[in-house]
Undergrad: 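My questions will all concern the structure given below.
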Amino acid sequence: MILLDGKKTSQEIRDEIKEEVSKLVESGKKRPHLAAVLVGANGASITYVNAKIRDCEEVGFDSSLVKLPDTVTEEELIEKIDELNKNDEVDGFIVQLPLPRHINEKKIIEAIDPNKDVDGFHPTNVGRMALNLPGFVPATPKGMLELIKRYNIETNGKHCVVVGRSHIVGSPISILMAKNAYPGNCTVTLTHSRTTNFKEICKSADILIVALGKPEYIKKEMVKKGAVIIDVGITRVPDSSKKSGYRIVGDVDFDKVKDKVSFITPVPGGVGPMTRAALMQNTLLATKVW
Ligand code: GUN
């Protein structure tokens, strides 16, 4: 078994970006600038956004954090987005999700200028991705592809099973793994809550991508010997043996599954850091014209 080390690979990517930023600055260009909009005080969102800002510092990007109270109205949030759309200093920005319930997420995403939408959530970028046109690919799928590429994993003609059909992970990765490219050229099965024969389908996967949000749901008997396992899940489960009182686990029963497969991502340290690195890649891309 080979561990797909997202921590190490994401460091390589950040080093490459840092190098490119140095060259940009040396040639008289401005530093890429990522802005992040954070609404309210969701603990996980604060952690994620702070990590993104730290990554910007490491690679030499400028960054700004726009904090808004959870009482902000939809109109006020859209006004802020318009400002960022028009601000030439800002190359790309994200609106951290989830948003408070009184705000329509779809409307907010559609207010973002597609050319600054480094999350790749705007319908224009989703369409570009589906049509294989240049555009922003969402960070988690993009990070997974990068991991597959950098470990030279064969994808041509393989059966790729994706578990979960979210707009952020499952749907886009199922499109990307089917396209005529490397990584890609897979026969893709997208499974979800209404799928029948779920276990049999999982067991037939050469590449199993799990983005379900159910800790350790995928058991040893559900995976094929020699499969490639990419685990997007990240859940805190109570663990009294830890000082923090919890441990972080993925959607795959890692300890039991690991010796049966050819490649597997650890949790933490697999897909998570790759997602963050892919956002930095998208921000760098935002400084260029398609
Ligand atoms: N919430 C969870 N994942 C993401 C992400 O990739 N981007 C944004 N904006 N919010 C998220």
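Just so you know, ligand 1 is whichever comes first in the structure, and atom 1 is the first atom listed for that ligand. None of these values were measured; they are calculated from a predicted model.
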Undergrad: Write out each pair where an N or O from ligand 1 and one from the protein are under 3.5 Å apart, with the distance.
TA:
from, atom 1, to, atom 2, distance (Å)
ligand 1, 1 (N), Q96, NE2, 3.3
ligand 1, 1 (N), L97, O, 3.0
ligand 1, 7 (N), D119, OD1, 3.2
ligand 1, 7 (N), D119, OD2, 3.2
ligand 1, 9 (N), V95, O, 2.8
ligand 1, 9 (N), D119, OD2, 2.6
ligand 1, 10 (N), Q96, NE2, 3.4
ligand 1, 10 (N), L97, N, 2.9

Undergrad: What I want to check is whether the side chains of Q281 and E20 have a donor and an acceptor closer together than 3.5 Å.
TA: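 E20 and Q281 do not have a side-chain donor-acceptor pair below 3.5 Å.
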Undergrad: Please tell me whether T124 and R128 have a donor and an acceptor in their side chains that are separated by less than 3.5 angstrom.
TA: no
Undergrad: Going by atom type alone, with no hydrogens or angles, which donor-acceptor pairs under 3.5 Å involve a side-chain atom of residues 202-213 and a protein atom two or more places apart or on another chain?
TA:
from, atom 1, to, atom 2, distance (Å)
S204, OG, H159, ND1, 3.2
S204, OG, I201, O, 2.7
D206, OD1, K224, NZ, 2.7
D206, OD2, H159, N, 2.7

Undergrad: Please check: side-chain N/O of K30 versus main-chain N/O of E89, any donor-acceptor pairing under 3.5 Å?
TA: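 Pair found, side chain donor or acceptor close to backbone of E89.
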Undergrad: List the atom pairs, donor and acceptor, that lie under 3.5 Å between side-chain atoms in residues 38-47 and the rest of the protein, sequence neighbours left out.
TA:
from, atom 1, to, atom 2, distance (Å)
N42, OD1, A44, N, 3.0
N42, OD1, S45, N, 3.1
T47, OG1, G43, O, 3.0

Undergrad: Going by the rule side-chain hydrogen bond (donor to acceptor under 3.5 Å, both in side chains), which residues pair with T265 if we only count those two or more places apart in sequence or in a different chain?
TA: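 For T265, no residue satisfies side-chain hydrogen bond (donor to acceptor under 3.5 Å, both in side chains) once neighbours in sequence are set aside.
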